[in-house]
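Reading through the structure tokens given below for one structure.
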2 protein chains.
Amino acid sequence: MNINKTIGEILREKREEKGLLLRHVSAKLDIDTAILSKIERSERKATKEQILKLAEILDLNKDDLLVQYLSERILYEIKDEKLGSKALKVAEQRMKYINKLNSRN
Amino acid sequence: MNINKTIGEILREKREEKGLLLRHVSAKLDIDTAILSKIERSERKATKEQILKLAEILDLNKDDLLVQYLSERILYEIKDEKLGSKALKVAEQRMKYINKLNSRN
DNA sequence: AATCTATTTGACTAACTTTGTCAAGTTAAT
DNA sequence: ATTAACTTGACAAAGTTAGTCAAATAGATT
């Protein structure tokens with residue numbers, strides 16, 4: 001999986017590869033086709049539950065898709081921030097620190 | 001600034017160092033003391049605007065405090081995710097990719 | 001060119017989350 | 001035991017996100 005593709009691009013490509021219509025997939029997700037269309041064009045965010053279902057429906061690796069989804073949410077959080085990439089690095093360092101603490105107890 | 005402190009810890013320490021009361025600072029922020037108390041104990045998140053005001057009130061470096069704040073929001077986004085640190089790394093890679101694209105145009 | 005099917009768009013509503021107030025409860029110093 | 005500072009929890013208001021629906025567009029097919 002190419003991590004530089006948006007989750008929408010990944011979903012649309014795989015859906016088309018499988019010859020499925022928006023209507024087929026959105027029915028399984030139990031949402032209107034409009035939303036799925038928007039998710040595929042990155043106009044809306046999916047929920048975590050939808051991502052997990054989509055991995056099943058489209059035979060995509062759940063963990064990979066989830067990582068892609070989470071990374072996109074992270075990027076969304078800092079998209080308009082000039083200090084975004086600094087914040088990302090600090091978040092990683094803090095994450096390590098927290099994990100170290102937790103592994104001690 | 002120690003990046004492994006929570007934003008709440010940083011704010012409380014500096015406020016106490018300056019001998020200010022919750023009531024003094026919360027008045028300047030135009031919120032109830034209850035909220036500031038919760039922010040300092042990490043029971044609530046501050047807004048970006050509050051963080052910027054707090055930097056002024058407490059003489060903290062705005063960019064440093066903002067990075068700390070943003071990193072905490074990022075961590076919040078993945079706090080319950082076992083794939084969180086993988087997602088963080090992928091977010092950084094994607095960030096680089098996006099910046100590369102943008103610098104070309 | 002008319003029709004049919006898939007997708008997109010935009011206005012609107014519903015559900016949820018976040019941000020806040022307020023009043024009562026603790027804590028600790030005097 | 002009072003007083004001042006802070007904390008707690010129930011609740012309301014504001015804002016955001018997730019959804020529906022109907023109409024519009026795009027592209028094949030007859």
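Every chain is numbered from 1, with letters handed out A, B, ... down the list of sequences. Just so it is clear, the model here is predicted, and its values are computed rather than measured.
Inter-residue side-chain proximity for Thr33(B) and Leu21(B) is flagged as unmet; no heavy-atom pair is nearer than 4.5 Å. Annotation: side chain of Glu40(A) is in contact with side chain of Arg15(A) (closest heavy-atom distance under 4.5 Å).
Looking at Lys5(B) and Glu13(B), a side-chain N of the basic residue comes within less than 4.0 Å of a carboxylate O on the acidic one, giving a salt bridge. A salt bridge links Asp59(B) to Lys18(B): at least one charged side-chain nitrogen sits closer than 4.0 Å to a carboxylate oxygen. A salt bridge links Glu72(A) with Arg94(B): the distance from a Lys NZ or Arg NE/NH1/NH2 to an Asp or Glu carboxylate oxygen falls below 4.0 Å.
What separates CZ of Arg23(A) from P of dC21(D) is a distance of 17 Å, to the nearest Å. Atoms CZ (Arg12(B)) and P (dA5(D)) sit 14 Å apart, rounded to a whole Å. Rounding to whole angstrom units, CG of residue Asp32(B) and P of dT8(D) are separated by 14 Å.
Leu66(A) pairs in a side chain to side chain contact (heavy atoms under 4.5 Å, CB included) with only one of the listed residues (Asn61(A), Ile7(A), Leu52(A)), which is Leu52(A).
Taking the side chain of Thr33(B) as heavy atoms from C-beta on, and the options dC21(D), dA4(D), dT7(D), the nearest nucleotide is dT7(D).
Atom NZ of Lys79(A) is surrounded by more than 12 heavy atoms from other residues, nucleotides or ligands within 6.0 Å. Crowding of Asn2(B) atom CG: a count of heavy atoms from other residues, nucleotides or ligands under 6.0 Å exceeding 12. Within 6.0 Å of CG on Asn102(B) lie more than 12 heavy atoms contributed by other residues, nucleotides or ligands.
When DNA chain C is scanned in the 5' to 3' direction for atoms under 4.0 Å from non-hydrogen atoms of chain B, the outermost contacting nucleotides are dT18(C) to dC22(C).
Between the Ser26(B) side chain and the Leu22(B) main chain, a donor and an acceptor come within less than 3.5 Å of each other.
For residues 36-54 of chain B, proximity to DNA chain C is found at Arg44(B), Lys45(B), Thr47(B), Gln50(B), defined as any non-hydrogen atom under 4.0 angstrom from a strand atom. Residues of residues 72-81 of chain B having a heavy atom closer than 4.0 Å to DNA chain C: none are found.
Across all their heavy atoms, Tyr69(B) and Thr47(B) have their closest contact at OH-C, 3.3 Å.
Using a 4.0 Å heavy-atom distance criterion, Ile35(A) is classed as a base contact.
Nearer to the 5' terminus of DNA chain D, by closest-nucleotide assignment, is the contact made by Glu16(B) (compared with the other of Glu16(B) and Ile31(A)).
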